[in-house]
Novice: 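Input: one structure, supplied below.
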Amino acid sequence: QVQLVESGGGLVQPGGSLRLSCAASGITFNRYAMGWYRQVPGKQRELVATITTTLSTIYADTVKGRFTISRDNAKNTVYLQMNSLKLEDTALYYCNRLPNVLWGQGTQVTVSS
């Protein structure tokens, strides 16, 4: 059974940092690219970072230079290091493989002063 469990979200001030983690099970983790997505109410889910099986990374322009995606295949875990957080980064963050499978619950990131 596929399971994606995101963690590490929280409340942070503008300019602060957070590190998100996503533990995957039920998939052959090292065979797939993984992505971090975010969604705010009333808007479509946005892909913000991708890491391939060869560790190439791709970022949305909105997070480039501030966010870093990484993976640990031994732990079936993907990470998102978020620095220099902005108010507009507030969202529910999800991970998923590409192509997507069943979504997890996500982890809330709130950037507020």
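In what follows, residues are counted from 1 in the order of the sequence shown.
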Novice: Could you list the residues that satisfy side-chain contact (heavy atoms from CB on, under 4.5 Å) with Ser113, not counting sequence neighbours?
Specialist: Pro14
Novice: Taking ring pair (Phe, Tyr, Trp, His ring centres under 6.0 Å) as the cut-off, I'd like each qualifying pair that reaches into residues 58-82, sequence neighbours left out, listed once.
Specialist: none
Novice: Evaluate the side-chain proximity of Ile69 to Thr50: yes if any heavy-atom separation is below 4.5 Å, no if none is.
Specialist: no
Novice: Sequence neighbours left out, what passes side chain to side chain donor-acceptor pair (under 3.5 Å) with Asn30? Give chain and number order.
Specialist: none
Novice: Closest approach of Gly9 and Leu20, non-hydrogen atoms and distance?
Specialist: N-CD2, 3.6 Å
Novice: Enumerate the residue pairs fulfilling disulfide (SG to SG under 2.5 Å) with a member in residues 17-113, sequence neighbours excluded, ordered by first and then second residue.
Specialist: Cys22-Cys95
Novice: Does Gln39 have any side chain to side chain donor-acceptor pair (under 3.5 Å) partners at least two apart in sequence or in another chain, and if so, which?
Specialist: Arg45
Novice: Pairs in or reaching into residues 67-80: which pass salt bridge (Lys or Arg N to Asp or Glu O under 4.0 Å), with residues at least two apart or in two chains?
Specialist: none
Novice: Could you tell me which residues satisfy side chain to side chain donor-acceptor pair (under 3.5 Å) with Tyr94, sequence neighbours excluded, listed by chain and number?
Specialist: none
Novice: Going only through I, L, V, M, F, W and Y residues with side-chain contacts under 4.5 Å, is there a path from Ile58 to Leu55?
Specialist: no
Novice: If two hydrophobic side chains count as joined below 4.5 Å and joins carry through other members, does Leu47 share a cluster with Val63?
Specialist: no
Novice: Enter the distance from Lys64:NZ to Thr57:OG1 here, rounded to the nearest 0.5 Å.
Specialist: 10.0 Å
Novice: Which pairs pass salt bridge (Lys or Arg N to Asp or Glu O under 4.0 Å) with one or both residues in residues 4-25, sequence neighbours excluded?
Specialist: none
Novice: Report all side-chain donor-acceptor pairs from residues 80-87 shorter than 3.5 Å, counting only partners two or more places apart or in another chain.
Specialist:
| from | atom 1 | to | atom 2 | distance (Å) |
| --- | --- | --- | --- | --- |
| Gln81 | NE2 | Asn83 | OD1 | 2.9 |
| Asn83 | OD1 | Ser17 | OG | 2.9 |

Novice: Please evaluate residues Ser25 and Asn76 with respect to the criterion side chain to side chain contact (heavy atoms under 4.5 Å, CB included), reporting the C-alpha separation (whole Å), side-chain torsions for both, the decisive distance (0.1 Å), and the verdict.
Specialist: CA-CA 7 Å; Ser25 59; Asn76 282 9; 5.7 Å; no
Novice: Is a side-chain N or O of Thr110 found less than 3.5 angstrom from the main chain of Thr90, in a donor-acceptor match?
Specialist: no
Novice: Flag yes if Leu92 and Val12 sit in one hydrophobic cluster, no otherwise; membership is Ile, Leu, Val, Met, Phe, Trp, Tyr, and two members link when side-chain heavy atoms are under 4.5 Å apart.
Specialist: no
Novice: With sequence neighbours excluded, give me every salt bridge (Lys or Arg N to Asp or Glu O under 4.0 Å) pair touching residues 29-40.
Specialist: Arg38-Glu46, Arg38-Asp89
Novice: Taking side chain to side chain donor-acceptor pair (under 3.5 Å) as the test, write out the residues that go with Thr54, two or more places apart.
Specialist: Thr52
Novice: Give the C-alpha distance, both sets of side-chain angles, the deciding distance and a yes or no for side chain to side chain contact (heavy atoms under 4.5 Å, CB included) between Leu4 and Leu102.
Specialist: CA-CA 8 Å; Leu4 298 167; Leu102 191 66; over 6 Å; no
Novice: Is it the case that one hydrophobic cluster holds both Val5 and Met34, taking links as side-chain heavy atoms less than 4.5 Å apart, direct or via other members?
Specialist: no
Novice: Kindly check if the number of other-residue, nucleotide or ligand heavy atoms within 6.0 Å of CD (Gln44) is above 12?
Specialist: no
Novice: Provide the full list of ring pair (Phe, Tyr, Trp, His ring centres under 6.0 Å) pairs with a residue in residues 2-43, sequence neighbours left out, each pair given once.
Specialist: Tyr37-Trp103
Novice: Please confirm whether the backbone N or O of Val101 pairs with a side-chain atom of Asn96, one donor and one acceptor, at under 3.5 Å?
Specialist: yes
